[in-house]
Amino acid sequence: MTAPGLAAANLGYAHRHLLGIEGLSADEISFLLDLSENYVELSRRGNKKTALLRGLTIINLFFESSTRTRTSFELAGKRLGADVINMSIAWSSIKKGETLIDTAMTLNAMHPDVLVVRHPDSGAVKLLSEKVTCAVINAGDGSHEHPTQALLDGLTIRRRTGRLEGLIVAICGDILHSRVARSNIHLLGIMGARVRVVAPPTLLPAAVERLGVEVFFDMKEALKDCDIVMMLRLQTERMHGTFVPSTREYFRFYGLDADKLKAAKPDASIMHPGPMNRGIEIDSELADDIDRSLIREQVEMGVAVRMACLDALTQDLRGHNLAVAAVDPEVGAKVGAKVGSGS
Ligand code: NCD
């Protein structure tokens, strides 16, 4: 189930892990987005299952609670025919650093092929990737990166507007704590979009303009003539202290409502990674407006993008399996069943 020409070339994504968007090239991002398009089609079919990853094991290792990201990785792995194990670890009940490495080594000894990891500390997933022998996908590390979210956002935007280059995208709200914002700023910048960020000063990282964005403190100014309005959740679980006077005041100045949206292009689309706080960062009716809101589409694209990432990161592995089958008929007979219907 790979796009014609892509599997044969197998040159599209040449890294062992997917830890972040920073440092990827425009070609690599386009490759992953193109590959995802195939999986959008597959996921809309009655029979959604392929045998591409049959025999491979994926472990979802979540040190932070998650509904949509974990579920979509699980669905993605299962639709590709892999064995998927979910491990949720209550962060409060374990000791930091030591346990992360211990857990990684324990899991590594079970020979998973891909580890999908979410962790509340920035940098923890990279550290883990240095200790294990399998591919690692970052499903969100602290306020650092969430690469598959940016890819699914990029795919959603590209499908709606036909391009990323030259678009004006406003990312609004709690930029300071948002790994979604960081990954999107990188991806949109690499793909040639113009990114604006808008937030109260307390919710902007120091020197954010160094990431190549334009900074605004006023929503209407930030939204002026933009193509995409990307809202973020107020991430109170990462806040130590008070960052906004009250949620009512926050909504008044930074919540997206019909009046503020008028500043954007007439056909501008609205996005939100979820989970949403209706009435705090976004007006409930706007979130459900089928003409303007891409929020449901984002969820759908999430599964397709994760299938593409799992496909891309295991292409070498499947190649090796096939090579084994070719040189040793006995092993090949066993492995053949494993890789037989993968293309
Ligand atoms: C995001 C996350 O976890 O960073 N959500 C998600 O992946 N669906 C954004 C958020 O939690 O606000």
Side-chain angles (χ1 to χ4, degrees), residues 18-22 36 60-77 86 88-91 116-126 137-157 169-188 197-199 203-205 228-239 243-244 247 250-251 254-256 270-282 284 287 293-310:
L18 175 60
L19 300 175
I21 298 293
E22 188 178 13
S36 304
N60 285 332
L61 179 58
F62 278 62
F63 291 90
E64 229 184 38
S65 63
S66 159
T67 311
R68 75 192 68 206
T69 304
R70 195 192 53 71
T71 312
S72 70
F73 268 112
E74 183 176 355
L75 272 179
N86 290 313
S88 299
I89 300 187
W91 181 238
V116 177
V117 188
R118 170 169 284 195
H119 197 283
D121 290 344
S122 303
V125 181
K126 180 167 189 299
I137 300 181
N138 180 3
D141 64 324
S143 47
H144 176 227
E145 280 238 35
H146 190 356
T148 56
Q149 178 71 42
L151 287 164
L152 78 87
D153 289 338
L155 182 65
T156 306
I157 298 172
V169 181
I171 306 181
C172 318
D174 186 358
I175 314 279
L176 179 65
H177 299 104
S178 178
R179 51 199 176 206
V180 175
R182 232 159 245 95
S183 288
N184 265 302
I185 288 170
H186 288 305
L187 187 142
L188 292 164
V197 295
V198 52
L203 291 177
L204 277 174
I228 302 287
V229 185
M230 193 181 279
M231 302 308 298
L232 299 172
R233 185 174 63 89
L234 263 188
Q235 295 173 56
T236 45
E237 76 279 14
R238 289 188 223 293
M239 295 181 190
F243 285 76
V244 292
T247 49
Y250 182 80
F251 183 70
Y254 291 98
L256 185 65
I270 304 164
M271 301 176 74
H272 192 303
M276 269 185 285
N277 294 307
R278 290 172 183 265
I280 296 180
E281 65 253 356
I282 187 164
S284 196
S293 170
L294 297 177
I295 296 171
R296 245 190 280 167
E297 172 119 2
Q298 286 174 272
V299 178
E300 183 186 357
M301 294 309 120
V303 180
V305 154
R306 282 154 187 145
M307 289 173 85
C309 293
L310 290 170

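Residues take their numbers from the sequence shown, with the count starting at 1. This one's a predicted model, so the numbers in the text were calculated from it and none came from an experiment. As the structure lists them, so they are numbered: ligands from 1, and atoms in each ligand from 1.
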Exercise for review: Please report which non-hydrogen protein atom sits nearest to atom 4 (O) of ligand 1, along with the residue it belongs to and the distance in Å to one decimal place.
Suggested key: R179 NE, 2.7 Å

Point to revise | Residue-ligand contact R118/ligand 1, heavy atom below 4.0 Å | key: yes

Check your understanding: Of all the atoms in ligand 1, which lie at a distance below 4.0 Å from a heavy atom belonging to P273?
Key -> 8 (N)

Study note, to complete from the structure: In ligand 1, the atoms that come under 4.0 Å of a heavy atom of H146 are 2 (C), 4 (O), 6 (C), 7 (O)

Practice item. With rounding to the nearest 0.5 Å, note down the distance linking CG in L152 to CD in E300. Key: 11.0 Å

Check your understanding: Are side-chain N/O atoms of N60 and E74 paired as donor and acceptor at under 3.5 Å?
Key -> no

Exercise for review: Answer yes or no: is there an ion pair linking E64 with R179, defined by an N-O contact shorter than 4.0 Å?
Suggested key: yes

Practice item. Find all atoms of ligand 1 within a distance of less than 4.0 Å from any non-hydrogen atom belonging to V180, and give their numbers and elements. Key: 1 (C), 4 (O), 9 (C)

Study note, to complete from the structure: Here the atoms of ligand 1 under 4.0 Å from any heavy atom belonging to T69 are 6 (C), 7 (O), 8 (N)

Revision key, fill the gap. Heavy-atom nearest pair, S66 first then R118, reads CB-NH1, 3.4 Å

Point to revise | Cation-pi geometry met for R306 and F73 (6.0 Å, 45°) | key: yes

Review point. Out of D141, V305, L187, N138, which residue meets the side chain to side chain contact (heavy atoms under 4.5 Å, CB included) rule with P147?
Key: N138

Exercise for review: Could you tell me whether ligand 1 has any atom less than 4.0 Å away from a heavy atom of G274?
Suggested key: yes

Revision key, fill the gap. Counting from 1 in the order shown, the ligand 1 atoms closer than 4.0 Å to a non-hydrogen atom of R233 are 10 (C), 11 (O), 12 (O)

